[in-house]
Colleague: 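Just passing along the structure, written as structure tokens.
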There are 2 protein chains.
Amino acid sequence: MSQHRHPGAPDRPGAVPALPDLPEATVARLPEYLRALHNLAETGHETVSSEGLASAAGVNSAKLRKDLSHLGSYGTRGVGYDVALLIDQIEYVLGLTHRRSVALVGVGNLGHALAGYDGFATRGFRIAALFDADPSRVGEEINGLVVRHVDELPGVAAEESIAIGVIATPAAAAQRVADQLVAAGVTSILNFAPCVLSVPDGVDVRKVDLAIELQILSFHEHRKASLTALPATGGSTLTALPGGLAVTDPQEAIGT
Amino acid sequence: MSQHRHPGAPDRPGAVPALPDLPEATVARLPEYLRALHNLAETGHETVSSEGLASAAGVNSAKLRKDLSHLGSYGTRGVGYDVALLIDQIEYVLGLTHRRSVALVGVGNLGHALAGYDGFATRGFRIAALFDADPSRVGEEINGLVVRHVDELPGVAAEESIAIGVIATPAAAAQRVADQLVAAGVTSILNFAPCVLSVPDGVDVRKVDLAIELQILSFHEHRKASLTALPATGGSTLTALPGGLAVTDPQEAIGT
DNA sequence: AGGCGCTTGTGAAGACACGCACAAATCGCG
DNA sequence: CGCGATTTGTGCGTGTCTTCACAAGCGCCT
Ligand SMILES: NC(=O)c1ccc[n+]([C@@H]2O[C@H](COP(=O)([O-])OP(=O)(O)OC[C@H]3O[C@@H](n4cnc5c(N)ncnc54)[C@H](O)[C@@H]3O)[C@@H](O)[C@H]2O)c1
Ligand SMILES: NC(=O)c1ccc[n+]([C@@H]2O[C@H](COP(=O)([O-])OP(=O)(O)OC[C@H]3O[C@@H](n4cnc5c(N)ncnc54)[C@H](O)[C@@H]3O)[C@@H](O)[C@H]2O)c1
């Protein structure tokens, strides 16, 4: 099947660069490569060149090669990468060799959507439990899972080996929920509430904030508009500000 | 020394360097500062120090000061920043001086949650229209908006001055929807479908992929587990791999 | 009026990330 | 069996981002 050799390290028969210290930027891209690879595998591709995979993942091919080289080099020069092998490689590094259990806290508007999302299951995760604080929601069944009261967190987390929690409560409750998750042994949190969480060392938090994404887009809209208004000039020639706000483009004007 | 304007003219609290070229990293943080500032304003704070704001936004204070300095310096030494003024400043730079209209395409599981989300309205946006391709969904009313057929996009987009689109369709339809949005004049897209979109120059795309976030967390879980298994050693001493996968920690093993 | 403590704004250095460009490796074919 | 076509892996220059550390500025208190 596999003759795994790896340049970097001296030849250790059978040994592999266990968990190389990957740059964060690389880690953030690996899931994208993985998704692209699964697509390729489904469409019958057995190998893929760095160029091909890079364009499927929307990145520069040199960057992709460097990323992959960090996990020990599994390509063949003149040929490319073995799709199936690379999938295994990346899944291993990402810790997806077993399905991880996730707890979802806050089964409201957003929580319902997440609970019914099949993208969890198809990409290495299992929603193991749903929690809410609202008594009228507890007991409700969603997608085969019963909503439990958040007080049951510690017991259930231990029972189901849950190490990842998703927070989909209002911002006001998020910190409290985070504390409860941590107390229950969770060491990774995905936070949808628009607020910063403080957690002990050793606990990772990632945040998804829809409004922030839109505001970043808004900035670029604003800039595009002001650029078309000032065709050439590198200089700045706008005006005013708060309490006398400037407008750079008719389209930018408020109202009507 | 600021290469913008004013070699020392704090006498002009109204004038400002129009649209400075902000580093992308800074742009990505401004929304977070903005949110923190609104919280501060609501709790009665009139001024805030870089330290205070930084901790509220979860960043290093030097970074925050440098970020703010890019927008032209509005702090007072020995005192801090004027909260209200800074809010106006940031909102101006982000192009939030008027409410931007957003089109949401794909009113399924996730789309419903987004359509009902009030975080849009409170942070500078307005969902101006909902679209879907499924005839049985068209006509449905959500939160006061009627779902329209996606073919109506061009007309509605023009009518409502929509420049930002949100894609919440299955991945298979996302590229097609993106093309339709672009054709309708949209120049910024927020994509929830797990796929890369290709768009013309001048159109910005941001992507939110829940599974990617979880996989990044998974990586760190994996690493934490392997670190506790190998207390000290900086070296690597794991085993096997795909087709003979290694396990670093009992907890990491697949549930019997 | 002057000094003192606090806070900003920024220079400089280091860390990190990116992408080019090319040598080294592999395959297929004549 | 050797050669050319192809593609990887990576050294290196470049640019961006982060962080430290401190002088300059500001308000307050005496
Ligand atoms: N709806 C969206 O599309 C959307 C999009 C982006 C972000 N968000 C954010 O996600 C979060 C949830 O949004 P939503 O629209 O689902 O709100 P929601 O009010 O519909 O749901 C919140 C749920 O959390 C539960 N809850 C409250 N306090 C709790 C606690 N202490 N422990 C456990 N559960 C608790 C509530 O009972 C409720 O069921 C909010 O922070 C929101 O800003 C929502
Ligand atoms: N549900 C979640 O919590 C969640 C989370 C993260 C990402 N996502 C992603 O968001 C997307 C939507 O997820 P969902 O669960 O809402 O799916 P869904 O199937 O419930 O909804 C998709 C909707 O898109 C509509 N649609 C299909 N093709 C269309 C087209 N060409 N034009 C316009 N509308 C079209 C469908 O009619 C349907 O209403 C998917 O790509 C999914 O991977 C979903």
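This structure is a prediction, so every number in the text was calculated from the model and none was measured.
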Colleague: Please list residues of residues 23-36 of chain B whose heavy atoms come under 4.0 Å from any atom in DNA chain D, ordered by number; otherwise none.
Modeller: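 The answer is B:P23, B:E24, B:A25, B:R29.
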Colleague: If I take atom NE2 in residue A:H70 and atom P in nucleotide C:dC18, what distance separates them, rounded to the nearest angstrom?
Modeller: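 It works out to 11 Å between those atoms.
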Colleague: What's the CD-C1' distance between A:Q89 and D:dG9, to the nearest Å?
Modeller: 15 Å
Colleague: Are any side-chain N or O atoms of B:T76 and backbone N or O atoms of B:V79, one a donor and one an acceptor, separated by less than 3.5 Å?
Modeller: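 The answer is no, because no donor-acceptor pair under 3.5 Å joins these two groups.
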Colleague: OP1 or OP2 of C:dT26 less than 4.0 angstrom from a side-chain nitrogen or oxygen of A:T76, does that happen here?
Modeller: no
Colleague: Calculate, to the nearest 0.5 Å, the distance between atoms NE2 and CD1 belonging to B:H38 and B:I87 respectively.
Modeller: 4.0 Å
Colleague: Given side chains that start at C-beta, do those of A:Q175 and A:Q180 come closer than 4.5 Å, heavy atoms only?
Modeller: no
Colleague: At what distance, to the nearest 0.5 angstrom, does CG of B:L64 lie from OG of B:S49?
Modeller: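 So the gap between those two atoms works out to 9.5 Å.
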Colleague: Can you tell me how far OG1 of A:T26 sits from CZ of B:F219, rounded to the nearest 0.5 angstrom?
Modeller: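 These two atoms lie 9.5 Å from each other.
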Colleague: Are any of A:Y81's side-chain N or O atoms less than 4.0 Å away from OP1 or OP2 of D:dG9?
Modeller: yes
Colleague: Find every protein N or O atom lying less than 3.5 Å from an N or O atom of nucleotides 12-15 of chain C, and list the pairs.
Modeller:
{"unit_1": "C:dA12", "atom_1": "N6", "unit_2": "B:K66", "atom_2": "NZ", "d": "3.1"}

Colleague: Taking N or O atoms only and anything under 3.5 Å, show me the protein contacts with nucleotides 21-23 of chain D, one pair per line.
Modeller:
{"unit_1": "D:dA21", "atom_1": "N6", "unit_2": "B:R65", "atom_2": "NH2", "d": "3.3"}

Colleague: Name the residue from A:R29, A:R206, A:R123 that meets the salt bridge (Lys or Arg N to Asp or Glu O under 4.0 Å) definition with B:D209.
Modeller: A:R123
Colleague: With a 4.5 Å limit on heavy-atom distance, are the side chains of A:Q89 and A:L71 in contact?
Modeller: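 Yes, side chains in contact.
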Colleague: Can you tell me how far C1' of D:dG9 sits from CG of A:L71, to the nearest Å?
Modeller: 13 Å
Colleague: Atom CG of A:L68 and atom C1' of D:dT10: how far apart are they, to the nearest Å?
Modeller: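 From A:L68 CG to D:dT10 C1': 13 Å.
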Colleague: Taking atom P of C:dC27 as reference, at what distance in whole Å does atom CG of A:D82 sit?
Modeller: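 That distance rounds to 13 Å.
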Colleague: State, yes or no, whether a side-chain contact exists between A:E46 and A:D82 at a heavy-atom distance under 4.5 Å.
Modeller: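 Counting from C-beta outward, A:E46 and A:D82 never come under 4.5 Å.
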Colleague: Would you say B:S50 places a side-chain N or O within less than 4.0 Å of OP1 or OP2 belonging to C:dT8?
Modeller: yes
Colleague: B:S49 side chain N/O closer than 4.0 Å to the phosphate oxygens (OP1, OP2) of C:dT7?
Modeller: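 Answer is no, no contact under 4.0 Å.
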Colleague: Send over the distance from A:D67 CG to C:dC16 C1', rounded to a whole Å.
Modeller: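 Distance, rounded to whole Å: 13 Å.
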Colleague: Go nucleotide by nucleotide along DNA chain C from the 5' end; which of B:V79 and A:G78 gets its closest nucleotide reached first?
Modeller: B:V79
Colleague: Please report the distance, rounded to the nearest Å, between CG in B:L64 and C1' in D:dT19.
Modeller: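 Going from CG in B:L64 over to C1' in D:dT19 covers 14 Å.
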Colleague: Taking the side chain as C-beta and beyond, is there a heavy-atom pair between A:V105 and A:V166 under 4.5 Å?
Modeller: no
Colleague: Starting at atom CD of A:E51, determine the distance to atom C1' of C:dG19, rounded to an integer number of angstrom.
Modeller: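 Rounded to whole Å, this separation is 12 Å.
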Colleague: Return yes when atom CD of B:E24 has more than 12 non-hydrogen atoms of other residues, nucleotides or ligands closer than 6.0 Å, and no otherwise.
Modeller: yes
Colleague: Can you check whether B:N60 has a side-chain N or O nearer than 4.0 Å to OP1 or OP2 of D:dC20?
Modeller: yes
Colleague: To the nearest 0.5 angstrom, please state how far the CG atom of A:N60 sits from the OG atom of A:S50.
Modeller: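 Rounded to the nearest 0.5 Å, the CG-OG separation comes out at 9.0 Å.
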Colleague: Looking at side-chain heavy atoms only, is the closest gap between A:Y74 and A:D88 below 4.5 Å?
Modeller: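 Not touching, per the 4.5 Å side-chain cut-off.
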